[in-house]
K.L.:
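Right, I'll just put the structure down here and ask away after.
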Amino acid sequence: MKKLEQLYEGKAKKVFATEDPNVVIVDYKDDATAFNGIKKGTITGKGVINNRMSNHIMRKLEAEGIPTHLIEELSERETAVKKVTIVPLEVIVRNISAGSFAKRYGVEEGIVFDEPTIEFSYKNDDLGDPLMNAYHAAALKLATWAEINQIKDYAFRINTLLKGFLKSVGIDLVDFKLEFGKIADGQIVLADEISPDTCRLWDETTHEKLDKDRFRRDMGGVEDAYQEVMRRLMGDK
Ligand code: UDP
C-alpha cells in the first residue's frame, strides 16, 4: 500500500492518503503532549509501542465482535486503517478514581467503583475539550441518539474486555479514552488508538503507574513503563 499526501498531523500521529479513498495510513510519532499541548516532550520508541499495542488490542476486540478501523499493520510505526469521520467526542470510561475525576470531585485517586462510569468531552482543542453530556452532544448534532447509544454500548463492552485482557497480565485498568468514527456506509467503528497514552494502567500489586502519567507528572521511567506493558500484553511477539 502506497503512502500519498499527508492529510493531517496530530499530536501523536500523522495521517496519509492512499490510492483507496476509503483507506488512510497512520504513522505513530514519539512526540508526547499533556495538559492540552502545554507540556511537550519525546518518549523514545513510544510510536512503535503504541502502534503495535493498539493493533494487538483492536484485533482482540474485533475477535469479540467490536468493529474497529483496523485494516493492517504495515510497519513498526505505520498501519492502514479505514477512513472515518471522527465523532468529535472523547469517550472516557473509568473503573477507579484518578486524574481529572479525582480533581473535579475532590477525592483521592484509587477509589474502586462498584460500576464503571462514562463521560464525554467535546473534542475541541481551542475550547480545551470541555466536559459534555449526551444531551449536549445531541443538541449540537455531534452524533444522533442512536449513534450515542451505540457508542456507549461499545465503550462499556470494550471496558469489560480490556479490563480482562489487562488483569490477566497483572494490570488494573483505571480509566481510558476512546474515539469513534463513522465509515462510508454510516457504521460506527472504534478509531484512534488504545495505548498507555490513552489509558491509566496500574500494576495490580505495587500500584506502580505504567502509563502516560509518568510523563505528565515527571516521574521518570516512561519508556520502561510502556515497554513493560507491551511485554506483558504481547510477550515477545
Ligand atoms: N485521556 C486521553 N486524552 C485526553 C484526555 C484524557 O487519552 O485528551 C485519557 C487519559 O490518559 C486517562 C483518561 O483519558 O486515561 C481519563 O483522563 P482524565 O479525564 O482523568 O484527564 P487527565 O487527568 O488526563 O487530564
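Whatever order the structure lists them in is the order used to number ligands and atoms, beginning at 1. What you see is a predicted model; the values in this text were computed from it and never measured.
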K.L.:
Kindly give the heavy-atom pair with the smallest separation between A225 and L210, and that separation in Å.
P.N.:
CB-CA, 3.9 Å
K.L.:
Enumerate the atoms of ligand 1 whose separation from the nearest heavy atom of D175 is less than 4.0 angstrom.
P.N.:
12 (C), 13 (C), 15 (O), 16 (C)
K.L.:
By number and element, which atoms of ligand 1 are closer than 4.0 Å to a non-hydrogen atom of I92?
P.N.:
16 (C), 19 (O)
K.L.:
Report the nearest protein non-hydrogen atom to atom 10 (C) of ligand 1: residue, atom name, distance rounded to 0.1 Å.
P.N.:
R216 NH2, 3.5 Å
K.L.:
Is the contact between K212 and ligand 1 made by the side chain, the backbone, both, or neither, using heavy atoms and a 4.0 Å cut-off?
P.N.:
neither
K.L.:
Exactly one of I43, I49, T42 should register a side chain to side chain contact (heavy atoms under 4.5 Å, CB included) with K46. Which one does?
P.N.:
I43
K.L.:
Quick check on salt bridge (charged side-chain N to carboxylate O under 4.0 Å, His left out): which of K177, K11, K123 does D192 satisfy it with?
P.N.:
K177
K.L.:
Tell me whether the centres of the aromatic rings in F215 and Y226 are closer together than 6.0 Å.
P.N.:
no
K.L.:
Which atoms from ligand 1 have a heavy atom of D197 less than 4.0 Å away?
P.N.:
7 (O), 11 (O)
K.L.:
Short list, please: which atoms of ligand 1 are under 4.0 Å from a heavy atom of G99?
P.N.:
20 (O), 23 (O)
K.L.:
Distance to 0.1 Å, residue and atom name: give those for the protein heavy atom nearest to atom 25 (O) of ligand 1.
P.N.:
S100 CB, 4.4 Å
K.L.:
With a cutoff of 4.0 Å, is K103 in contact with ligand 1, counting heavy atoms of the residue only?
P.N.:
no
K.L.:
So if I count the atoms of ligand 1 from 1 in the order they appear, which ones are less than 4.0 Å from some heavy atom of C199?
P.N.:
15 (O)
K.L.:
Hey, can you pull the donor-acceptor pairs under 3.5 Å for the side chains in residues 158-165, sequence neighbours left out?
P.N.:
from : atom 1 : to   : atom 2 : distance (Å)
N159 : OD1    : N95  : ND2    : 2.8
N159 : ND2    : N95  : OD1    : 3.0
T160 : OG1    : F156 : O      : 3.1

K.L.:
How does D211 reach ligand 1, by side chain, by backbone, by both or by neither, if only non-hydrogen atoms under 4.0 Å count?
P.N.:
neither
K.L.:
To check your reading of the model: name the closest protein heavy atom to atom 23 (O) of ligand 1, its residue, and the distance in Å.
P.N.:
R200 NH2, 2.7 Å
K.L.:
Give the numbers and elements of all ligand 1 atoms closer than 4.0 Å to a heavy atom of E90.
P.N.:
4 (C), 5 (C), 8 (O)
K.L.:
Give me the nearest non-hydrogen protein atom to atom 3 (N) of ligand 1 as residue plus atom name, then the distance to 0.1 Å.
P.N.:
K177 CE, 3.5 Å
K.L.:
Have S168 and R232 got a donor and an acceptor in their side chains that come within less than 3.5 Å?
P.N.:
no
K.L.:
For Y135, which residues count as a ring-ring contact (aromatic ring centres under 6.0 Å, His included) partner, sequence neighbours excluded?
P.N.:
W145
K.L.:
For E5, look at atom CD and say whether over 12 heavy atoms of other residues, nucleotides or ligands are found less than 6.0 Å away.
P.N.:
yes
